[in-house]
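In what follows, a single structure is set out as structure tokens and then discussed.
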Amino acid sequence: MFARLILLAGAAVCGASLEWQDCALQADIPNLHITAYAHYPDPEIVSENHTISKTYFYDGNSKLESLKETVYIDKSPVHPSDPSFVAWVPYFNNSFDLCSKEDICPVEVGTSFSLSDTHPPSTTTTTGSWYRANEYYYRDSVWIGCLTTIYQVIE
């Protein structure tokens, strides 16, 4: 129980520009928790590759045999705490089958696993901005976890 409290209490982290928060408690069945999240470099540089690394903890009641991620990314020219912030604007969305893409399944109950993914420079923008990513994780069609991040991309 104490380890779980540490996992949940330590989920919100602030870095150079990256902010992230595990939001698994909003899921239908909160079985997948993000315990570490990082971008390199941070902030991301629009003309360079960047790497996103995540560590998960799975506490379901049986092996995790399927895992799908759906991500929605919004964009803003300024951070939401800036007085000139108006609203996030939808930018990108996609879905990924993490078990087939990353060959991580099956995941045993009560275990952690990590994923790291390198992305090429954006082909849709050449200027810096702020982004909010909402990532939703599904076991079959059941929502089991989520993550929200705010990060900056600079020129």
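Note that the structure is a prediction, hence the values are computed from the model and not measured. These numbers come from the heavy atoms of this one structure, side chains and all, not from hydrogens, waters or symmetry mates.
No side-chain heavy atom of Tyr131 sits under 4.5 Å from any side-chain heavy atom of Ser76. The shortest side-chain heavy-atom distance between Lys75 and Ser129 falls under the 4.5 Å cut-off. Using a 4.5 Å heavy-atom threshold, the side chains of Leu64 and Ile144 count as touching. Glu108 has its side chain within reach of Lys63: a pair of non-hydrogen atoms, C-beta onward, lies under 4.5 Å apart. Between Leu67 and Arg139 there is no side-chain heavy-atom pair separated by less than 4.5 Å. Side-chain atoms of Pro43 and Val153, non-hydrogen and from C-beta on, never get closer than 4.5 Å to each other. In this structure, the side chains of Tyr151 and Ile73 come closer than 4.5 Å at one or more pairs of heavy atoms. Side-chain contact check for Leu98 versus Leu115: some heavy-atom pair is nearer than 4.5 Å.
Atom CG of residue Asp82 and atom CH2 of residue Trp130 lie 10.0 Å apart, to the nearest 0.5 angstrom.
Between Lys54 and Glu135, at least one side-chain N (NZ, or NE/NH1/NH2) sits under 4.0 Å from a carboxylate O, which counts as a salt bridge. By the 4.0 Å N-to-carboxylate-O rule, Arg132 lies close enough to Asp74 to be salt-bridged with it.
The number of heavy atoms from other shown groups lying within 6.0 Å of NZ (Lys68) does not exceed 12. In Tyr40, the OH atom is not crowded: 12 or fewer heavy atoms of neighbouring residues, nucleotides or ligands sit closer than 6.0 Å.
Aromatic ring centres of Trp88 and Tyr91: separated by at least 6.0 Å. Centroid-to-centroid, the aromatic rings of Phe113 and Tyr58 stay 6.0 Å apart or farther.
Ring-plane geometry between His39 and Tyr37 is classed as tilted, the angle between the planes lying from 30 to 60 degrees on a 0 to 90 degree scale. Using bins of under 30°, 30° to 60° and over 60° for the plane-to-plane angle, the ring pair Tyr72/Tyr136 lands in the perpendicular bin.
With hydrophobic clusters built from ILVMFWY side chains whose heavy atoms lie under 4.5 angstrom apart, Tyr56 shares a cluster with Ile29. Under a hydrophobic clustering in which Ile, Leu, Val, Met, Phe, Trp and Tyr are joined whenever their side-chain heavy atoms come within less than 4.5 Å, directly or via other members, Ile104 and Phe96 fall into the same cluster. Hydrophobic clustering (ILVMFWY, side-chain heavy atoms < 4.5 Å, transitive): Leu147 and Phe92 are in one cluster. Taking hydrophobic clusters as Ile, Leu, Val, Met, Phe, Trp and Tyr residues chained together by side-chain heavy-atom distances below 4.5 Å, Ile34 shares a cluster with Val107. Under a hydrophobic-cluster definition in which Ile, Leu, Val, Met, Phe, Trp and Tyr are linked whenever side-chain heavy atoms come within less than 4.5 Å, directly or via other members, Tyr137 and Val109 are assigned to the same cluster.
Scanning both residues, Thr51 and Ser116, for their nearest heavy atoms gives CG2-OG, 3.3 Å. Asp22 approaches His33 most closely through the heavy-atom pair OD1-CA, 3.2 Å. Contact record, Pro30 with Asp59: O-OD1, 3.7 Å, taken as the closest heavy-atom pair.
Checking Thr55 against Thr35 by side-chain atom types alone, no donor-acceptor pair falls below 3.5 Å. Remark: the Asn134 side chain and the Thr148 side chain contain an N/O donor-acceptor pair separated by less than 3.5 Å.
Side chain of Asp140 to backbone of Val142: no donor-acceptor contact under 3.5 angstrom is found.
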